[in-house]
There are 2 protein chains.
Amino acid sequence: MNRNSSAAEPPQGVGAVRAGRTPSGANPTLSEAEIVAAALRVVRVDGVDKLSMRRLSRELGVSPMAPYYYVADKSELLDLVATAALAGIRIPEPESGPWQVRLRALIDQIDEKLRKHPGLGDVLIEQMLKKQLTLIDAAMEILFDAGFSPRNVLTAYATIHTYLFGRSRVVNDNGPGPLPQQLPKSFARAMAHVDDLRGKYFYEFGIATVIDGLEAQLVRQQSAK
Amino acid sequence: MNRNSSAAEPPQGVGAVRAGRTPSGANPTLSEAEIVAAALRVVRVDGVDKLSMRRLSRELGVSPMAPYYYVADKSELLDLVATAALAGIRIPEPESGPWQVRLRALIDQIDEKLRKHPGLGDVLIEQMLKKQLTLIDAAMEILFDAGFSPRNVLTAYATIHTYLFGRSRVVNDNGPGPLPQQLPKSFARAMAHVDDLRGKYFYEFGIATVIDGLEAQLVRQQSAK
DNA sequence: ACCTGAACACCGTTCAAGT
DNA sequence: ACCTGAACACCGTTCAAGT
């Protein structure tokens, strides 16, 4: 129904160029980089849940199976997308401040990427201990510096991870919506501030809750020893 | 390939029973209750992501469109499933203790239901402010009692909600897995305790982090006024 | 080496039809 | 009133084939 995307037509008859790049801008062959770029485009515009192998192939102007030459399956594609989306995050230097500050600096950057890539949290929350090891390691190093025991470093990281990547799913697009019947009392009182959930206030509150909570666990750990 | 499920064959020729229930156990007609029960069976055994309208119809031994006579679409089915799965939660009495204790009592019950219904957190995390109003209201009332401002009641609830329903997705089934290359330093140190993530320790730590963190926000709120 | 095309086993859902 | 059957527009993926 829609027009085809503005990408070039399947570039097979442009000339007798055997391999490599064409003189013009048209792509003679795909590449992993192009595939990831196209996937990221879809994710940024329509969100991860709209990214399908078939949609990706349309975006690239190739047949549905073409991307499979470069990626084994969809889950590998999502791994590549996640890695690309999280690229450019700078790990705070150890001297840049106390652990709480360094942790926030790291979390803030991740959250920024998540905002730009709707639904990405969903991808990242599951794979957790399999991918993005460098990033996770950086967070864990901060927690070690804070004084957490190895066991609590893992658990504390999992707590952060759960909150950070789950956050994006809460109260996303769905507008106010026709709320049914008359609302329960406390619910109605609180709901006067729904708009706060979309903005920075909820973010600040939530992250502060987690970090302050972690501080409390650190104190408990030390007074238990 | 598989055998058909052990449910009765499509019960059309059992007798000339016009309507209502048959003398035997076979169902002459469907009902919302039966549909929800079948859906819950699928969820408990295989998880929410295996629950499809078609799988549900197979489970019931009817044609794929039959359930649509009782539920408008899949999202309505999921709402019914979520409500049924959360049934039986007892809201702690106001006199049963301080807010932290009452909140935990509520959260513990919800988490128990979530454990029995894999993937249900995913359903609940999105609908948040549209369904389960009574449960949400109960949580919010506790937060009001604690002394949170209306705005912070909503934000605090959202923080709990995010963590509680996101928790189930982290480190679920995927076994140890063939971890690649050699691991980064802090990561490797912490990973010696992976097994803790599946057990009660992670739950205790995480919930304590959130509640202690909320306490800290309450103090901040009061000292800011 | 790189891509296409047909096919399979799935989805959710609409719509007309059967009893 | 309650259910079926065919059909449509989607998925991910396998497998054989084309250049």
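Numbers restart at 1 for each chain; the letters A, B, ... are given by sequence-line order, proteins then strands. Basis for what follows: all heavy atoms, side chains included, without hydrogens, waters or symmetry-related copies.
Using a 4.0 Å cut-off, no side-chain N or O of Y69(A) falls inside it from OP1 or OP2 of dC3(C).
Rounded to a whole Å, the CZ atom of R58(A) is 10 Å from the C1' atom of dA9(D). Atom CD in E32(A) sits roughly 13 Å away from atom P in dC3(C) (whole-Å rounding). In this entry the distance linking CD of E59(A) with P of dC11(D) reads 13 Å, nearest Å. For I35(B) and dC2(D), the CD1 to P distance is 11 Å, given to the nearest whole Å. We find that CG of D49(A) is positioned 13 Å from C1' of dC11(D), with the value rounded to whole Å.
L40(B) and A84(B) make their closest contact through CD1-CB, 3.7 Å (heavy atoms, listed as atom of the first residue, atom of the second, distance). When every heavy atom of R41(B) is checked against every heavy atom of E59(B), the shortest pair comes out as NH1-OE2, 3.3 Å. When every heavy atom of L114(B) is checked against every heavy atom of G121(B), the shortest pair comes out as CD2-N, 3.8 Å.
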One pair to check against side chain to side chain contact (heavy atoms under 4.5 Å, CB included): E112(A) and D108(A). What are the steps and the verdict? CA-CA 6 Å; E112(A) 202 191 323; D108(A) 285 352; over 6 Å; no

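A donor-acceptor contact under 3.5 angstrom links the side chains of N152(B) and Y201(A), judged on distance only.
In secondary-structure terms, DNA chain C builds stems of at least 3 consecutive Watson-Crick or G-U pairs, each pair having both distances under 3.5 Å, at C:4-8 with D:12-16, C:12-16 with D:4-8.
Ion pairing of D79(B) with K130(B) is absent here, as no side-chain N (NZ or NE/NH1/NH2) approaches a carboxylate O to less than 4.0 Å. For D137(A) and K185(B), the salt-bridge test fails: no basic side-chain N is under 4.0 Å from an acidic carboxylate O.
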Under a 4.0 Å heavy-atom criterion, the protein footprint on nucleotides 12-19 of chain C, written with B, S and -, is BBBB----

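At least one donor-acceptor pair under 3.5 Å links the side chain of D73(B) to the backbone N or O of E76(B).
Of the candidate nucleotides dT4(D), dC2(D), dC3(C), dC2(D) has the atom lying nearest to any side-chain atom of Y70(B).
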